[in-house]
Q: 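Below are the structure tokens for one structure; questions will follow.
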Amino acid sequence: MLSIEGVAVNFGKVQALRGVTMNVEPGVLHGIIGPNGAGKSTLIDVVSGRTAASAGRVRFEGHDISRRSVVWRKRAGISRSFQKTSIFRNETVRDQLELVSALGSDAAVEEIAEALGLGSVMDAVAGTIAYGDQRRVDLALALVGKTKLLLLDEPGAGLSSAETMAMFAHVRELTEKRGITAVIVEHDVDAVFATCDRITVLDLGSVLAEGTPAEVRSNDDVIVAYLGTAA
């Protein structure tokens, strides 16, 4: 589904990514974890087209999309959410979901809203609902449409551990039901280990380790650099 090949990103003299290579298989929930400054969000920006790679390539469904625009990638089925909730605060939940649905020719608004527990706030103005509900609206906006690859940048930001775990359960349910592949950047490692099929660990812009949750959790380099002895 997604192939990242030797991707580097330089911001002046700062190397945010250093030759990152990873593959994401269809239907998989692929987590990306690592310390602050590891390059996680930058990698998501490269895949979504918001940041151009200084070197390397990004392939989607076998095609080189490295020079494709954000709009082209969205139309091709690549959708993302952001660390900071990105919703239409002055519109009702229903209106904004239906707007995105019409643009993407997706009639599954009610199904997605129900699965995310948004049924009771559909007619509320988005800026007036609880923050946890706003995060779920943000996720719904990313899911509505003909999404093939979902990029989630810290969907649990600002949520409690229990709320984050519930959010990840929603992601698992909806991606499986709709045949969507997901790449998830998240600081809550418990949610990542409990939900994701594979995990890539970044450190200082490079891939430190990759594998199943069990393989990553037991990796000595990951324990020393990130998880700590308590892992």
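Keep in mind that the numbers below use all heavy atoms, side chains included, and drop hydrogens, waters and symmetry copies.
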Q: If we ignore hydrogens and angles and just use 3.5 Å, is the side chain of Arg198 paired with the main-chain N or O of Val24 as donor and acceptor?
A: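 Such a contact is absent between Arg198 side chain and Val24 backbone.
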Q: State whether the side chain of Gln134 and the backbone N or O of Ala126 hold a donor-acceptor pair below 3.5 Å, judged by distance alone.
A: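 Such a contact is found between Gln134 side chain and Ala126 backbone.
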Q: Is any side-chain heavy atom of Thr147 closer than 4.5 Å to a side-chain heavy atom of Arg178?
A: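 Thr147 vs Arg178: side chains apart.
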Q: So do the side chains of Val189 and Ile199 get within less than 4.5 Å of each other, counting heavy atoms only?
A: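 Not in contact.
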Q: Atom CG in Asp221, atom CG in Asp203: separation rounded to 0.5 Å?
A: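 Between Asp221 CG and Asp203 CG, I get 9.5 Å after rounding to 0.5 Å.
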Q: For a 4.5 angstrom cut-off between non-hydrogen side-chain atoms, does Glu91 reach Leu99?
A: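 Not in contact.
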Q: Ignoring hydrogens, what is the shortest heavy-atom contact between Gly56 and Ser66? Give both atom names and the distance.
A: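 So the two residues come closest at O-OG, 4.3 Å.
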Q: Between the main-chain N or O of Gly6 and the side-chain N or O of Thr21, is there a donor-acceptor pair closer than 3.5 Å?
A: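 Here the side-chain-to-backbone pair exists.
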Q: Take a 6.0 Å sphere around CG of Asn90 and say whether it holds more than 12 heavy atoms from other residues, nucleotides or ligands.
A: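 No, CG of Asn90 has 12 or fewer neighbouring heavy atoms, counting only those of other groups under 6.0 Å.
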Q: Closest approach of Val47 and Ile65, non-hydrogen atoms and distance?
A: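 So the minimum-distance heavy-atom pair works out to O-CD1, 4.4 Å.
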Q: Which heavy atom of Thr181 sits nearest a heavy atom of Gly27, and at what distance?
A: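 Minimum heavy-atom contact is OG1-N, 2.8 Å.
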Q: Between Lys40 (side chain only) and Gly34 (backbone N and O only), is there a donor and an acceptor less than 3.5 Å apart?
A: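 Yes, Lys40 side chain to Gly34 backbone: donor-acceptor pair under 3.5 Å.
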Q: Just so I know, are the side chains of Asp45 and Arg80 near enough to count as touching, which here means a heavy-atom distance under 4.5 Å?
A: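 Yes. Closest side-chain heavy atoms under 4.5 Å.
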Q: Taking C-beta and beyond as the side chain, do Glu186 and Pro155 meet within less than 4.5 Å on heavy atoms?
A: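 A side-chain contact exists here, since the closest heavy-atom pair is under 4.5 Å.
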Q: Hey, is CD on Glu61 packed in by over 12 heavy atoms from elsewhere, all under 6.0 Å?
A: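 Yes, CD of Glu61 has more than 12 neighbouring heavy atoms, counting only those of other groups under 6.0 Å.
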Q: Decide whether a cation-pi geometry holds between Arg217 and Phe193; the criteria are a distance under 6.0 Å from NZ or CZ to the six-membered ring centre and an angle within 45° of the ring axis.
A: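 Yes, Arg217 sits over the ring of Phe193.
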Q: Are side-chain heavy atoms of Arg94 and Glu110 found at a separation under 4.5 Å?
A: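 Arg94 reaches Glu110 side chain to side chain.
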Q: Can you list, pair by pair, the side-chain donor-acceptor contacts under 3.5 Å of residues 161-172, counting residues two or more places apart and other chains?
A:
from, atom 1, to, atom 2, distance (Å)
Glu163, OE1, Ser160, N, 2.9
Glu163, OE1, Ser160, OG, 3.3
Thr164, OG1, Ser160, O, 3.0
His170, ND1, Ala115, O, 3.0
Arg172, NH1, Glu176, OE2, 3.2
Arg172, NH2, Thr195, O, 2.5
Arg172, NH2, Asp197, OD1, 3.0
Arg172, NH2, Asp197, OD2, 3.4

Q: Do you know the tightest heavy-atom contact between Ala140 and Leu97?
A: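 Looking at all heavy atoms of both residues, the shortest contact is CB-CD2, 3.7 Å.
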Q: For Val144 and Glu98, what are the C-alpha separation, side-chain angles and deciding distance, and is it a side-chain contact (heavy atoms from CB on, under 4.5 Å)?
A: CA-CA 9 Å; Val144 170; Glu98 289 182 349; over 6 Å; no
Q: Sequence neighbours excluded, which residues qualify as side chain to side chain donor-acceptor pair (under 3.5 Å) partners of Asp133?
A: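 If we apply the side chain to side chain donor-acceptor pair (under 3.5 Å) test to Asp133, skipping adjacent residues, the hits are Arg136.
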Q: Output yes when a side-chain donor or acceptor of Arg73 lies under 3.5 Å from a complementary backbone atom of Arg68, and no otherwise.
A: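 Yes.
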Q: Just by modelled atom types, is the Val70 backbone N or O under 3.5 Å from a matching donor or acceptor in the Arg50 side chain?
A: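 No; judged by distance alone, with no hydrogens or angles, the pair does not exist.
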Q: For the residue pair Ile180 and Leu174, establish whether any side-chain heavy-atom pair is separated by less than 4.5 Å.
A: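 Not touching, per the 4.5 Å side-chain cut-off.
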Q: Is it true that a side-chain atom of Ser79 and a backbone atom of Ala142 form a donor plus acceptor pair closer than 3.5 Å?
A: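 Yes.
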Q: Restricting to non-hydrogen atoms, name the atom on Tyr131 and the atom on Ala157 that form the minimum distance, rounded to 0.1 Å.
A: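 For Tyr131 versus Ala157, the nearest heavy atoms are OH-O, 2.9 Å.
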Q: In this structure, which one of Thr200, Ile4, Leu151 forms a side-chain contact (heavy atoms from CB on, under 4.5 Å) with Leu43?
A: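 Result: among Thr200, Ile4, Leu151, Ile4 is the only option passing the side-chain contact (heavy atoms from CB on, under 4.5 Å) with Leu43.
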Q: Using a distance-only test with no angle check, is there a side-chain donor-acceptor pair under 3.5 angstrom linking Asn23 and His30?
A: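 Checked: Asn23/His30 side chains show no N/O donor-acceptor pair below 3.5 Å.
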